[in-house]
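Accompanying notes for the structure given below.
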Amino acid sequence: MTTRTQQAGTPGAVASGAAVALAGLRKHYGEVRAVAGIDLVISPGEVVALLGPNGAGKSTTVDMMLGLTRPDAGEVRVFGQQPRDAVTSGTVGAMLQAGALLDDATVAETVGLVAALHRAPMPVGEALDRAGVADLARRRCGRLSGGEKQRVRFAVALVCDPDLLVLDEPTVAMDVAGRRGFWQAMHAYTETGRTVLFATHYLEEAENYADRVVLIRAGRIVADGSVAQVRAAVSGRTVRAVVPGATEPALAGLPGVTNVQLRAGRAVLHCADSDATVRALLAAYPDAHDIEITSAGLEDAFLALTGNPEEHR
Ligand SMILES: Nc1ncnc2c1ncn2[C@@H]1O[C@H](COP(=O)(O)OP(=O)(O)OP(=O)(O)O)[C@@H](O)[C@H]1O
């Protein structure tokens, strides 16, 4: 699996040109080690899912990225800026789980207030439209459902027209239709080349909407790559084929093969690198046929990589 993490703790790793650069990031809360050394570089235009079990350190990482929590060690840059500067300049927009909304303000007033704080906001109407809350513009925030509040928080994040959107579990409290609408809106936004980092528990959201998945366990990154790479890192892939004339030792010698079973000419090859295996298989056995390649789901990968978490010490 390709790993895109940077050299641990190197200040130079908060590299130029990156949308987000985290280097050697650590955070304790008393005895609890919430983040235990995270190095991560996100390029402009990437859509990245931060996945991990409860208490893995996702929110703490996001908070440090936004300047809401100060790291004990390490560095954060967002488009080359300190997190707080990036937030105040409107370079980054955030949608947090518990982002406060004023009960007595209407939706349009709420989004307008945030727009007024920024130098180059998008028109309030456009932010409401994009977030799918234009029909709620005159409703007081105190009278919104949980899912509607989430969409208003999305409009608040969008209105500063940020280059980077940071979303902490954005679809919590949304129903199926709300979730679908939310991701359609997100997709439209990312098509404009913006960078998005979202923390989620929903594996299918990572699978469907992220270019890249970063898996966190006990405050550390345990996998980083495309969905396909993260899946393959856990279990590899299985190649099944009918291979006339093959023997087990010959198949075991093909590149990328970790295990072979051969029965009645039908081979089952467990592979660390199925692309290399299939190329070599066809080169050595041009008559091989009925080839199938399967991989584990992201859920299998998630469970394998995030099981047995270490103590938070
Ligand atoms: N303000 C705090 N004070 C004390 N401990 C905290 C605080 N915030 C987080 N923690 C602890 O730090 C660890 C990481 O928490 P964090 O909220 O970052 O995880 P998470 O991956 O976002 O979890 P979840 O998926 O449950 O939201 C947990 O053990 C949590 O209890």
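For His187, the NE2 atom is loosely surrounded, since the number of other residues' heavy atoms within 6.0 Å does not exceed 12. Residue Arg266 qualifies as enclosed at atom CZ: its count of foreign heavy atoms under 6.0 Å is above 12.
Taking the side chain as every heavy atom from C-beta outward, Leu197 and Met65 approach each other to under 4.5 Å. A 4.5 Å side-chain heavy-atom check between Met122 and Arg130 finds at least one atom pair inside the cut-off. The closest side-chain heavy-atom distance from Val47 to Phe198 is below 4.5 Å. With a 4.5 Å cut-off on side-chain heavy atoms, Val156 and Thr110 count as touching. Residues Thr195 and Ile42 have side chains in contact (heavy-atom distance under 4.5 Å, counting atoms from C-beta outward). Residues Leu165 and Leu158 have side chains in contact (heavy-atom distance under 4.5 Å, counting atoms from C-beta outward). Inter-residue side-chain proximity for Leu68 and Leu96 is flagged as met; some heavy-atom pair is nearer than 4.5 Å. Between Val111 and Leu128 the shortest side-chain heavy-atom distance falls below 4.5 Å.
Residues Pro170 and Ala199 come closest through the heavy atom pair CD-O, 3.5 Å. Residue Cys160 comes nearest to Gly93 through the heavy atom pair SG-CA, 4.1 Å, listed as atom of the first residue, atom of the second, then distance. Minimum heavy-atom separation, Pro255 to Ala280: CD-CB, 3.4 Å. Across every non-hydrogen atom of Leu40 and Arg212, the tightest pair is CD1-NH2, 3.4 Å. Residues Ala115 and Pro121 share a closest heavy-atom pair of O-CG, 3.5 Å. Nearest approach of Ser43 to Ala19, heavy atoms of both residues: C-CB, 4.0 Å.
Side chain of Thr88 to main chain of Asp85: a donor-acceptor pair is present (N/O by atom type, distance under 3.5 Å, no hydrogens or angles). Looking at Gln150, its side chain never comes within 3.5 Å of a backbone N or O of Gly147 through a donor-acceptor pair. In terms of modelled atom types and a separation under 3.5 Å, the side chain of Glu191 and the main chain of Ala188 share no donor-acceptor contact.
Sorted by first then second residue, the ring-ring contact (aromatic ring centres under 6.0 Å, His included) pairs that include residues 109-163, not counting sequence neighbours, are Phe154-Phe182. Annotation: salt bridge (Lys or Arg N to Asp or Glu O under 4.0 Å) contacts involving residues 240-254, sequence neighbours excluded, are absent.
The side chain to side chain contact (heavy atoms under 4.5 Å, CB included) check on Ala73 picks up Arg26, with sequence neighbours excluded. Every residue meeting the side chain to side chain contact (heavy atoms under 4.5 Å, CB included) condition with Thr91, not counting sequence neighbours, appears here in chain and number order: Phe79, Gln81, Ala86, Ser89, Asp163. Lys27 pairs by the side chain to side chain contact (heavy atoms under 4.5 Å, CB included) definition with Tyr29, Val35, Thr60, Met64, Thr69, Asp72, not counting sequence neighbours. Remark: Thr171 pairs with Glu205 by the side chain to side chain donor-acceptor pair (under 3.5 Å) rule, at least two apart or across chains. Listed by chain and number, the residues in a side chain to side chain contact (heavy atoms under 4.5 Å, CB included) with Val87 are Leu66, Val92 (sequence neighbours excluded). Taking Thr190 as the reference, nothing meets the side chain to side chain donor-acceptor pair (under 3.5 Å) condition, with sequence neighbours excluded. Residues satisfying the ring pair (Phe, Tyr, Trp, His ring centres under 6.0 Å) criterion with Tyr202, sequence neighbours excluded, are absent altogether. Under the side chain to side chain donor-acceptor pair (under 3.5 Å) criterion, Arg194 pairs with Asp161, Tyr189, Thr192, not counting sequence neighbours.
Here the CG atom belonging to Leu22 is positioned 10.5 Å from the CD atom belonging to Glu75, to the nearest 0.5 angstrom. In this structure, CZ on Arg151 lies 9.5 Å from CG on Leu144, to the nearest 0.5 angstrom. Taken to the nearest 0.5 Å, the CG atom of Asp39 stands 8.5 Å off from the CG atom of Leu25. In this structure, the separation between NZ on Lys58 and CG on Leu51 is 8.0 Å, given to the nearest 0.5 Å. Leu102 contributes atom CG, which lies 11.5 Å from atom CZ of Arg140 (distance to the nearest 0.5 angstrom). His270 NE2 to Thr277 OG1: the interatomic distance, rounded to the nearest 0.5 Å, is 12.0 Å.
Residues near Val172 contribute nothing to a hydrophobic cluster around it, because no ILVMFWY side-chain heavy atom sits closer than 4.5 Å to its side chain. Members clustered with Tyr285: Val239, Val243, Leu251, Leu254, Val257, Val260, Leu262, Leu269, Val278, Leu281, Leu282, Ile291, Ile293, by chain and number, using a 4.5 Å side-chain heavy-atom cutoff among hydrophobic residues.
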Assess whether side chain to side chain contact (heavy atoms under 4.5 Å, CB included) is satisfied between Leu101 and Lys149, documenting all intermediate values.
CA-CA 8 Å; Leu101 298 173; Lys149 281 186 180 163; 4.0 Å; yes
Let's go through Val227 and Gln229 carefully: what are the C-alpha distance in whole Å and the side-chain angles of both, what is the deciding distance for side chain to side chain contact (heavy atoms under 4.5 Å, CB included) to 0.1 Å, and is it a yes or a no?
CA-CA 5 Å; Val227 168; Gln229 286 169 334; over 6 Å; no
Could you walk me through whether Thr106 and Glu109 pass the side chain to side chain contact (heavy atoms under 4.5 Å, CB included) test, one step at a time?
CA-CA 5 Å; Thr106 67; Glu109 286 165 352; 3.2 Å; yes
Evaluate side chain to side chain contact (heavy atoms under 4.5 Å, CB included) for Glu148 paired with Val152, printing each intermediate quantity in order.
CA-CA 6 Å; Glu148 289 166 344; Val152 172; 5.5 Å; no
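Transitive grouping of hydrophobic side chains (ILVMFWY, heavy atoms separated by less than 4.5 Å) keeps Val268 and Val242 in distinct clusters.
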